[in-house]
Peer 1: 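One structure coming up, written as structure tokens, with questions to follow.
Every chain is numbered from 1 and lettered A, B, ... according to where its sequence line falls, protein lines coming before strand lines.
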Amino acid sequence: MKLYSAGDQIGDGAYRRIASYDHASTYIGPSDRLLFAVTPTQGAGPLNLVMDEPDRLPDKLSFRRPCLYLENSPTPLRPDQLFRSSLPLLSVFTPTFQHSVAFLKQWLLANAPEESLAFLLADTVASPSRSAAQRFFRKRAMEAHSALREGDLEAAAQSLRGCGPGLTPAGDDFICGMLFTLRLTAPCDLEQSSRIFRVARGKSPVVNAFLEMARDGYAFERFHLLLHALQGSDTAEIEHIAKQLSVVGATSGVDLCVAFVLTWEAELKRVGASTMDAC
Amino acid sequence: MKRGGLILKGAYFDSVTLMGIGRELSATPGVLDASVVMGTDTNRSILKAAGLMIPAFDGADDMDLLIAVKAKSATLLDQTLARAEAALKKKPAPAASSASRPVATSIETAAQTLPGANLALISVAGTYAAEEARKALETGLHVMLFSDNVSIESEVELKRLAKRKELLLMGPDAGTAIINGVPLAFANVVARGPVGIVAASGTGAQEVSSLVSNHGAGISQLIGVGGRDVKRQVGGIMFLEALKALIADPQTKVIVLVSKPPDPVVLAKIQHAASRTKKPIVCLFLGAPTREGEPHTLEEAAALAAALAQGRSLDSAWAALEQQRADLAPMIDAGAAALPAGGRYVRGLFSGGTFCAEAQVILAPLLGKVYSNAPTGEGMALKDSGKSQGHCFIDFGEDEFTRGRPHPMIDFTLRNERIHREAADPQTALILLDVVLGYGAHADPASELAPAIRDAARKVPVLCSVTGTDRDPQNWAATIDRLRRVGALVAPSNAAACWLAGEILHRRGKKRSR
């Protein structure tokens, strides 16, 4: 077994497997803390153990830094194998960042899957769906979008919590994207993130784990790479990482990006365009 | 109308699986609505508003999977729910112990698990595909690289490595191969025989191999190298290696080369390599100028190769093709009689890129300006792939249609929608379709297409070709029969369907001028 990295938010303790998918397993540990064993294809994350053959892991394992224990046999982690997931402090209201976000928005509009929330980025009305459930889901997403535009992020979270398809419903992916963005645009306003988290928190340990990480600004590797790309003006790099994000889950990566763009726009409106000029 | 559902308590399935099943249920004929969601409060309120709520969902919570279906009849409802349950059971069981399963999740352990294996088929996200392919080559395995989105620089590097190691690297974006009689990815069940194929064109290779087999000959090897191989940057590295392999292969007596026109430098290398064997070689560089006696279409290439393999004269092959055209006269009459009064344009809706290209190559000289989202030869770029203009040929396998959804040979949703739309367009004269059978393709494409074709055929002629054999899981003859029953005119090949389309429009032109 080859271990590539371990997320810095994996808690110490004994874990048991609660689910296995193609090339991934989910474990639950103390205080319902989760650990995701994944392949390099899925990439590093705050709670991810990145390795070859994660579905060959035993049903029980334990993690006590600096070692992963499989059937009591320790696998030591080198310092360079620790994935540091904390979002950096960045200047996100710069003209370059604005251009990059605009490019990302256009890319999402052109390339996002139909079932995703990317229709919220368009100025036009979404194409009608045959499915009534899909129509109601979209209606809620549009209500959330209106609230977001008006700066009422809690109301947006309220509309979208637990809403839509997916193991982590699309609405929850969107809320994670909102929370990540707030860590960047308002890093000192932790109270707002906490309020949104309280609104969004449900009964699913998987969703709650993602929301908690997003509230606290612990992001997965591809989101870090996206931020890095957005700070520059290389559209090929932005496109490259957007493509990588778009294959996260069915629509999870895209929905998170859509939330990022819309929340960033709402935050720019809140802080005022003069902030941009000052940069 | 009947409503029902299933609740799977505490079920963990990945989102891709859930969305795929939801899409499949919604697309089932007779299913009015379907939804596959986790049982959160919000999702349950959405199901209620959508008329999909059932009492069993009342006690569900965030970790329960809800499958809700509204269908035309109770029988269909039961069948649909049973299908959904079966589809979920096929996936890895939740919380299953997998420690002792002999599953290989890396190239290295796969090679250890199956000693003696000499080929790896790689289908992972493009970003990681090159690295996996490199590992396989380093392990001494030939590689079929199904993944796309591999950079051209990586492709060149991998192909050079493969050449150094005397291995084949088929791909990236290689959809079709038959190696030693084993079909890989999208491939048909063809007879074994003396015809070897090197192709930089997936559906082109499927059409040629199926037609060769249907002519009574057979295939020794089909090596797909990926569409970019014959471009200047890659230099035809694997096309040439595959050609060399077939020249050396004692089972291969006749060689067919299929691709879009290669870069001139690459073409010269291919011609040079081809000149060094006495084995007969049939070359089809679709859209490139041809000389007398050279094939112009996939159908002609297959007919010539089959004749050579069977020891018949090439003249007999050309004569058979002429006779086939004569035999199609009744279809021209039927198509011309069904043409709508105001319809002027051919609308080709293809799942195979090579078929879309071939349609443009055949019909541009007959019809004048043709438009496509994948223009080839004289074809002009379509401004908006979602909206047809003039004679228009759409390749639904292009990225714009496949992002976030399966290939159109598997998922017919977009093409069916477009068939309805084109049939309703007063400018449409006739609709041209391809249907591809074989491994990897939809298990029953005729059933998927039938409602759309039935609707369209009431308004305009619908011309189809079916690529495959009677040994394919879907069965070629049965598929043709089902398509005919819903009103389609079925031609023996894509080229024949295109030719028929041209003749049908030409016939009306003659009537008008009289």
Peer 1: In terms of heavy-atom proximity below 4.5 Å to chain A, should A34(B) be classed as side chain, backbone, both, or neither?
Peer 2: backbone

Peer 1: Counting only heavy atoms not in K60(A), do more than 12 sit closer than 6.0 Å to its NZ atom?
Peer 2: no

Peer 1: Go through the atoms of L66(B) and report whether side chain, backbone, both or neither lie under 4.5 Å from a heavy atom of chain A.
Peer 2: neither

Peer 1: Rounded to the nearest 0.5 Å, what separates atom CG in D172(A) from atom CG in D62(B)?
Peer 2: 8.0 Å

Peer 1: List in chain and number order the residues that pass side chain to side chain donor-acceptor pair (under 3.5 Å) with S62(A), two or more places apart in sequence or in another chain; answer none if no residue qualifies.
Peer 2: none

Peer 1: Quick one: closest heavy-atom pair of M63(B) and K203(A), and the distance?
Peer 2: CG-O, 4.4 Å

Peer 1: For T40(B), enumerate each residue passing the side chain to side chain donor-acceptor pair (under 3.5 Å) test, keeping only those at least two apart in sequence or located in another chain.
Peer 2: N43(B)

Peer 1: G166(A), S116(A), A24(A): which one forms the most heavy-atom pairs within less than 4.5 Å of chain B?
Peer 2: G166(A)

Peer 1: Measure across L167(A) and L18(B) and return the closest heavy-atom pair with its distance rounded to 0.1 Å.
Peer 2: N-CD1, 3.7 Å

Peer 1: Give me the atom names and distance for the closest heavy-atom approach of F136(A) to I46(B).
Peer 2: CB-CG2, 3.8 Å

Peer 1: Tell me the closest heavy-atom pair linking R161(A) and T42(B), and the distance in Å.
Peer 2: O-OG1, 2.5 Å

Peer 1: Please classify the contact of R140(A) with chain B as side chain, backbone, both or neither, using a heavy-atom distance under 4.5 Å.
Peer 2: side chain

Peer 1: In the structure I gave you, are the side-chain heavy atoms of L414(B) and E114(A) within less than 4.5 Å of one another anywhere?
Peer 2: yes

Peer 1: Determine whether more than 12 heavy atoms belonging to other residues, nucleotides or ligands lie under 6.0 Å from atom CZ of R16(A).
Peer 2: no

Peer 1: Verify the neighbour count for atom NE2 of H420(B): are there more than 12 heavy atoms of other residues, nucleotides or ligands below 6.0 Å?
Peer 2: yes

Peer 1: Who wins among S159(A), A170(A), P165(A), C163(A) for the most heavy-atom pairs under 4.5 Å with chain B?
Peer 2: C163(A)

Peer 1: Look at the side chain of D33(B) and the backbone N and O of A132(A), then say whether any donor-acceptor pair between them is shorter than 3.5 Å.
Peer 2: yes

Peer 1: Could you have a look at A49(B), G22(B), S35(B) and say which one has the most heavy-atom pairs with chain A under 4.5 angstrom?
Peer 2: A49(B)

Peer 1: So for V206(A), is it side chain, backbone, both, or neither that comes closer than 4.5 Å to the heavy atoms of chain B?
Peer 2: side chain

